[in-house]
> 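Got a structure here, written out as structure tokens. Questions coming.
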Amino acid sequence: MTEWRPTACILCECNCGIQVLLGPDGRSFEKIRGDKLHPASEGYTCNKALQLDRYQNGHTGRVTAPLRRRADGSFEEIDWDTAISEVSARLLEVEHHFGGESIFYYGGGGQGNHLGGAYAPATMAAFGMKYRSSALAQEKTGDFWVGARMTGYPMRADVEHAEVAFFIGKNPYQSHGFPRARTVLKEIAKDPARSMIVLDPVRTETAELADFHLQLRPGTDVYLLTAMAAILVRDNLIDEGWLAEHTSGLDAVLPVLRAVPIEKYCAIADVDLNLVTAATHRLARANSVAALEDLGVQMNRYSTVVSYVEKLVWLLTGNVGKPGTQYAFTGLANIGHDRGHPAGEGPKSPVAGAQIVSGLVPCNVISEEILTDHPARHRAMFIESANPAHSLADSARMREALEALELVVVVDVAMTETARLADYVLPAPTQFEKYEATFFNFDFPRNIFHLRHPVLPAPEGVLPEPEIHARLVEAAGVLTEADYAPLRAALAQGREAFAMAFLGVLGDPVRSKLAPVLLYRTLGETLPDGAASAAVLWGAAYNMVRKFPASVERAGYGTGLEAGERLFEAILHGEHGIVISEDDYAETWNRVRDKVIRLEIPELLEVVSTLPEAVEDETADWPFILSAGERRAFTANTIFRDPAWRKRDATGTLRISTSDAERLGLTTGDLVQITTRRGTAQVPVEPTDRMRPGHLSLPNGFGLSVADNDGVSITTGTAPNELTSFDARDEWVGTPWHKYVPARLDTVIV
Ligand SMILES: Nc1nc2c(c(=O)[nH]1)N[C@H]1C(S)=C(S)[C@@H](COP(=O)(O)OP(=O)(O)OC[C@H]3O[C@@H](n4cnc5c(=O)[nH]c(N)nc54)[C@H](O)[C@@H]3O)O[C@H]1N2
Ligand SMILES: Nc1nc2c(c(=O)[nH]1)N[C@H]1C(S)=C(S)[C@@H](COP(=O)(O)OP(=O)(O)OC[C@H]3O[C@@H](n4cnc5c(=O)[nH]c(N)nc54)[C@H](O)[C@@H]3O)O[C@H]1N2
Ligand code: SF4
Ligand SMILES: [Mo]
């Protein structure tokens, strides 16, 4: 029990490698340190990782036996056989009466855990489920869709090597989003040859390090970015040779940008024209620009249009496929990919007819798919590793929607806000008690994958997600021993024979959907140290070799079938994380559709060319704009449920500008009542000169009720989505406008 064990932090997509030293009880995390052997994080962590014991051992409302809801709303423990047979019987009943497509799948993994969700497609197939979603459909789908339209392949920013780092509605100092973010930001800030440009209404920690902080009026990014693109055109700063060689559609874009009233747009955004011009010129002069947009714009007005104009800025200046610019990455899964159907074409949600992007129904229409008498409405929901009753817009409406369903099944580690509304709660081991991994593998030129091994044993009474999926699929009767026998026989002759036999599975459209469970029950049982959950990665490794043969070969795995086996074995044994592929920058062009980037997206260009030349501003009813869900030093979605993990900001203050606070006679810690179109809350204020007048900010991840089994419940802070509305959302992909919630502070309780 005295050795340091490698694992990873599970609190943001970076998943920094860490090492954990267990205490004498074999369960407490006595010490935590960054893992220098991790190829991406190289020993780096931020302040949050050091609190992970609170996830594993804190006062979390951990569930350690399957629960069934009684008629009076309380829960009783049941055994696993009962749980699996009842859940599958009730799912089959819904399928029989209303069709499997009326069962909605939500989640599949959070910031640290995607391995269980990789088995969910088998469960979906077994019960005929068709529609699904996850948190990605309340943040990234606009970006994915625009990327699919322009390049046909998702791209990421190489901030680490950029001459100019360009952050739009993103605060990497707190939220990260690329490896070793704080170190990289400080390096850029220190280097006189490099610059940082930040668009944010708040003077964030990142903005403080920036050379150009464009502290715009909330929700006006579309104007500011359009003005920047227009300045590039006006001042002949676009890279014409590069554009002619690598892009199409410039002729459609140029006239729109030439017509932009630059001065007026800067005035709307309330940023000094000279500052905007200087920042734009700096960006155009640079050898490399890496642009990272995030929630500040993706959850704000004109969200998808902003994603488009933001891309135009770095495309017009030729920032693709070179160090420090944007790149197209490899990976073991397909996060970020979409077919890029024009608006109105492609798959739609069954009731609201909302565009499905990357296979995901917009989170903000889910309640509309349920709270209706439409015959195609959803009747049941299977929720895995997500907390939609807290994280989706309009919590009150989400609760109502979940309560309207015939059946809600939740797979989680804890009694969450969502689990409390479930008919069945199926408990899983924590992410340190099982094999786990994410598919957030976006690094370049070397891409990294980390299969984490268990750090400590799971308590009795919980089952890893792959086992839950396998049992449900079997209970549905779609897989039996007879399906496993031939694969096991092939496996007995070696992996090569197994690979051949498995090709047969993949060739069969029905059985191929069940592939994860077929792998788990056959190959999985032969993997060392109880690593059965890793079985699905065998298929993923082969797939990766097929899709990126040269990249895998450059990383040293050879070619052909053998490369698949070598890559899988490296994943299986690489406890500290491994390099799965290596590229050169130009490889990006082989991933771009037809090697040509399409600058024109007609629907969005139309919006850009017809932007209203005035924004209706704060009205008398709603003098403030609330940004609901800011990332701070002590927020981590709802992964930590024990409020004691926070060393500061225990209640989650409402940040307000010092001038507004003075005007309202407020000082630090005063309680105010905030009211929005949707709800009301009481919260202590924190006046700060970081905020613009008229702007308010609440942190994310607060307002969790931690209840033990006796029902004692404490709630800390304000749950942001008690204040947000489901219908405040993007026109194209339905993403929420959490960062633009009109609000007022009308009652001040002294
Ligand atoms: N500490 C911490 N880190 C996290 C997480 C966490 O919970 N806590 N969660 C992780 C997750 S799931 C995600 S998706 C990422 C999100 O990471 P970020 O997107 O960086 O996080 P946010 O703080 O939500 O929003 C970013 C910025 O948008 C700004 N903003 C608000 N309104 C506007 C506007 O009108 N225009 C512009 N340009 N900016 C605006 C805010 O002031 C804020 O600084 O963080 C990840 N990292
Ligand atoms: N107003 C507002 N709302 C927001 C945001 C915002 O900025 N403002 N941000 C949005 C964003 S970007 C995101 S990503 C979402 C996040 O919201 P969600 O996707 O709902 O997820 P998390 O809060 O990350 O919680 C993950 C869940 O996984 C559970 N869990 C932890 N470990 C395991 C495990 O090993 N197995 C299983 N089965 N479960 C486990 C946790 O208990 C928790 O219930 O919130 C969104 N909601
Ligand atoms: S929260 Fe911090 S330590 Fe954890 S993965 Fe993100 S950057 Fe790394
Ligand atoms: Mo997120």
Side-chain angles (χ1 to χ4, degrees), residues 10-14 46-48 55 60-61 106-113 115-117 134-136 138-140 167-177 198-207 214 216-221 224-225 292-301 306 363 383-393 395 410-419 426-434 436 464-465 468 625 627-641 690-691 695 697-701 704 719-721 723-724 736 738-741:
I10 61 167
L11 301 172
C12 86
E13 62 163 54
C14 291
C46 74
N47 61 299
K48 297 187 292 298
Y55 163 81
T60 60
Y106 188 85
Q111 300 296 302
N113 58 319
L115 204 48
S134 76
L136 286 172
Q138 69 167 322
E139 41 170 329
K140 296 286 169 286
F167 299 117
I168 307 107
K170 168 87 199 162
N171 179 13
Y173 191 89
Q174 293 301 3
S175 68
H176 290 77
V198 171
L199 264 65
D200 200 310
V202 179
R203 201 180 78 241
T204 61
E205 299 80 355
T206 306
L214 311 187
L216 76 177
R217 178 184 308 191
T220 61
D221 295 80
L224 191 52
L225 286 162
L292 201 54
E293 59 157 71
D294 213 339
L295 305 186
V297 289
Q298 291 174 346
M299 293 182 169
N300 212 319
R301 299 207 297 185
V306 170
C363 292
I383 301 166
E384 176 170 4
S385 188
N387 192 1
H390 182 278
S391 60
L392 264 55
S395 300
V410 168
V411 181
D412 206 298
V413 296
M415 204 59 188
T416 65
E417 290 60 36
T418 305
L426 306 179
T430 70
Q431 297 179 45
F432 300 107
E433 295 167 349
K434 64 189 170 201
E436 195 48 275
E465 291 85 348
I468 295 175
I625 296 301
S627 177
E630 182 179 66
R631 272 66 186 165
R632 295 184 185 169
F634 287 96
T635 72
N637 288 1
T638 71
I639 305 164
F640 280 119
R641 298 192 62 79
R690 293 173 180 277
M691 303 290 296
H695 199 207
S697 158
L698 265 181
N700 73 319
L704 304 185
N721 288 313
L723 299 169
T724 58
H738 291 325
K739 312 294 182 189
Y740 195 90
V741 185

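Quick caveat: nothing in here was measured; it's all calculated off a predicted structure. Just follow the structure's listing: the first ligand is 1, and inside any ligand the first atom is 1. Count residues from 1 along the sequence.
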> Going by distance only, is there an N or O of L199 that falls short of 3.5 Å from an N or O of ligand 1?
yes

> As an exercise, state the distance from OH of Y106 to CD1 of I383, rounded to the nearest 0.5 Å.
9.0 Å

> Report yes if some heavy atom in the side chain of R217 is under 4.5 Å from a heavy atom in the side chain of P201; otherwise report no.
no

> If you count the atoms of ligand 1 from 1 in the order shown, which ones are under 4.0 Å from a heavy atom of V297?
38 (N)

> Would you check if L295 and K140 make a side-chain contact, meaning some heavy-atom pair closer than 4.5 Å?
yes

> Output yes when a side-chain donor or acceptor of N387 lies under 3.5 Å from a complementary backbone atom of T418, and no otherwise.
yes

> Identify the heavy atoms of E465 and G116 that sit nearest to each other, and give their distance.
CB-CA, 3.6 Å

> Taking only heavy atoms of V202, which atoms of ligand 1 are found under 4.0 Å from at least one of them?
42 (O)

> Report the residue from E630, K170, R631 that forms a side chain to side chain donor-acceptor pair (under 3.5 Å) with S175.
K170

> Tell me the closest heavy-atom pair linking A414 and R641, and the distance in Å.
CB-CD, 3.5 Å

> Heavy-atom distances under 4.0 Å decide this one: backbone, side chain, both or neither, for N300 against ligand 1?
side chain

> Which of the atoms in ligand 1, numbered in the order shown and given with their element, are less than 4.0 Å from a heavy-atom of G219?
34 (C), 35 (O)

> Should the proximity of T220 to ligand 1, defined as any heavy atom under 4.0 Å, be assigned to the side chain, the backbone, both, or neither?
neither

> Between ligand 1 and T204, is the shortest N or O to N or O distance under 3.5 Å?
no

> Could you tell me which atoms of ligand 1, counted from 1 in the order shown, lie closer than 4.0 angstrom to a heavy atom of D221?
34 (C), 35 (O), 36 (N), 37 (C), 38 (N)

> Would you mind listing which atoms of ligand 1 come within a distance below 4.0 Å of any non-hydrogen atom of R632?
1 (N), 2 (C)

> Rounded at 0.5 Å granularity, tell me how far CD in Q138 sits from OG in S391.
5.5 Å

> Check each protein residue for a heavy atom under 4.0 Å from ligand 2 and list those that pass, ordered by chain and number.
Y55, Q111, N113, A135, Q138, E139, L295, M299, S385, A386, N387, S391, V411, D412, V413, T416, P429, Q431, K434, E465, A628, G629, R631, N637, T638, I639, P720, N721, H738, K739

> Quick one: closest heavy-atom pair of D412 and T416, and the distance?
OD2-CG2, 3.5 Å

> Of all the heavy atoms in H176, does at least one lie under 4.0 Å from an atom in ligand 1?
no

> Go through the structure and list residues passing ring-ring contact (aromatic ring centres under 6.0 Å, His included) with F432, not counting sequence neighbours.
F29, Y55

> Looking at every non-hydrogen atom in both residues, tell me the closest pair between I639 and I10 and how far apart they are.
CD1-O, 3.6 Å

> Which atoms of ligand 1 are found less than 4.0 Å from any heavy atom of Q174?
1 (N), 2 (C), 3 (N)

